Number of protein chains: 2
Amino acid sequence: MSIQSRKERERAQREKLIITAALELAEAEGWEAVTTRRLAERIEYSQPVLYSHFKGKDAIVAAVAVEGCADLAVELRAARTAAPDATSALARISAAYVAFADRRPALYDAIFNQTVDLPFATPEAPAALHAAFDELAAAVGPHANGADLGLLTETFWAALHGLVTLMRGGRLPREHHDTRLALLLERFTGTPAGPGRTL
Amino acid sequence: MSIQSRKERERAQREKLIITAALELAEAEGWEAVTTRRLAERIEYSQPVLYSHFKGKDAIVAAVAVEGCADLAVELRAARTAAPDATSALARISAAYVAFADRRPALYDAIFNQTVDLPFATPEAPAALHAAFDELAAAVGPHANGADLGLLTETFWAALHGLVTLMRGGRLPREHHDTRLALLLERFTGTPAGPGRTL
DNA sequence: CTCCGAGTGCTAGCGCTGCTAGGAACAAGA
DNA sequence: TCTTGTTCCTAGCAGCGCTAGCACTCGGAG
């Protein structure tokens with residue numbers, strides 16, 4: 001009994017180790033630097049060990065993504081609940097979203113750009129992802145104006161994702177990013193928004 | 001003279017051949033199937049020939065992207081100029097944008113997801129890209145309402161890109177895509193938009 | 001205490017990738 | 001006809017994701 005469970009515990013621990021090592025490596029040098037060989041070296045095991053835990057490299061990235069969703073959800077929640085009113089709630093949660101993508105690009109990539117395997121807009125999607133989405137929905141809700149909340153949230157999310165992605169890919173200059181975000185908020189809240197709109 | 005220029009002509013022709021072969025291969029089997037070996041085989045030259053034309057594989061993708069921008073610009077222009085009024089112009093150009101990404105995913109990827117090397121939001125960006133952007137700007141213009149047109153266009157473009165990207169990556173279900181697009185248009189035109197909004 | 005069998009993790013290697021060095025073959029000018 | 005310069009191919013490097021098959025370790029039975 002106990003010895004069996006110890007082994008399981010150690011195994012689970014090693015799996016966690018793989019995930020955190022992959023994330024660290026990705027955050028330090030980008031996902032293109034995360035190879036199975038380097039990952040194996042980092043966890044001080046041989047390459048094939050990875051495949052006894054995960055079906056392939058993609059599955060490792062997916063595992064990192066699932067973990068990352070939780071972080072994202074937490075940060076979005078904090079931003080939203082700290083806001084005094086509905087309009088600034090959307091502004092703050094948006095800023096938090098962008099800041100997350102900016103501060104943890106590797107994690108953001110894992111969730112939204114890298115892999116495709118994990119289910120998304122279905123009930124089987126990771127709970128943390130739903131949580132993150134719900135935070136966004138809660139912030140969008142007051143500005144729905146009768147529109148379908150789910151779809152409107154998806155649309156707003158897509159807009160944020162587009163801004164983040166194009167900026168990170170060098171398609172949009174970082175300059176005036178705040179203004180673009182403010183413009184987006186204006187369009188979704190109907191109000192001429194507050195800060196960062198001076199240009 | 002003439003013999004020199006003939007060689008140059010042949011060389012340019014072969015370069016074009018490489019680009020179209022890469023695009024065809026990508027459209028048929030996706031960019032992950034475009035390897036230098038397969039590309040070389042397809043143009044019936046050896047691998048190193050590719051490197052006498054382009055610095056590396058990325059440069060080939062970039063070349064494809066530049067060509068693709070022209071196509072995109074043409075389609076956007078056609079959609080915009082065919083519209084009877086400002087509101088439907090934005091709707092049609094948006095639909096055309098999405099349709100382009102949907103119908104030619106490999107080309108869209110080359111332009112917006114794949115490579116990073118080509119300059120974008122700078123004067124050195126390919127002229128066709130500027131043309132495409134200008135089409136969007138012309139459609140967004142009437143709804144700018146005093147906002148900076150360039151930045152507003154960028155924001156709208158980002159939103160479209162987000163919708164397209166998330167849907168293509170499986171992050172958003174294809175279902176109700178039209179409704180999401182309609183919601184976005186509502187927010188940018190201020191009007192409760194026309195067709196495809198029944199859900 | 002000994003031995004066996006399950007299971008764990010290693011070495012080695014496959015077929016692929018992007019990319020490059022070096023030489024063969026060919027064409028143009030003397 | 002010989003030389004010179006270019007063109008393009010063969011062969012190979014280092015690294016990729018992934019896997020087959022063996023060596024070893026270690027818990028449990030006799």
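Protein chains get the first letters and strands the later ones, always in sequence-line order, with residue 1 at the start of each. Note that the coordinates shown come from a computational prediction; the quantities given were computed from them, not determined experimentally. Atoms considered below: every heavy atom in the structure, side chains included; atoms not considered: hydrogens, waters and symmetry mates.
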Query raised in the report: Do the side-chain N and O atoms of Y108(B) and H161(B) include a donor-acceptor pair separated by under 3.5 angstrom?
Result: yes
Length of the [atom1]-[atom2] vector between [X] and [N], whole Å:
{"X": "E32(A)", "N": "dG15(D)", "atom1": "CD", "atom2": "P", "result": "16 Å"}
{"X": "E10(B)", "N": "dA27(C)", "atom1": "CD", "atom2": "C1'", "result": "13 Å"}
{"X": "L50(B)", "N": "dT7(D)", "atom1": "CG", "atom2": "P", "result": "16 Å"}
{"X": "L39(A)", "N": "dG15(D)", "atom1": "CG", "atom2": "P", "result": "17 Å"}
{"X": "W31(A)", "N": "dC16(D)", "atom1": "CH2", "atom2": "P", "result": "15 Å"}

I'd like to know if [X] and [Y] make a salt bridge, using a cut-off of under 4.0 Å between side-chain N and carboxylate O.
{"X": "R168(A)", "Y": "D109(A)", "value": "yes"}
{"X": "R174(B)", "Y": "D102(B)", "value": "yes"}
{"X": "R103(B)", "Y": "E27(B)", "value": "no"}

Report summary line: A correct 5'-to-3' footprint of nucleotides 7-19 of chain C, with B, S and - meaning base, sugar-phosphate only and no protein heavy atom under 4.0 Å, is --SBB-B---BBB
Query raised in the report: Distance under 6.0 Å and angle within 45° of the ring axis: does R171(A) meet both against F112(B)?
Result: no
Query raised in the report: Which pair of non-hydrogen atoms, one from F100(A) and one from L107(A), has the smallest distance, and what is that distance?
Result: CZ-CD2, 3.9 Å
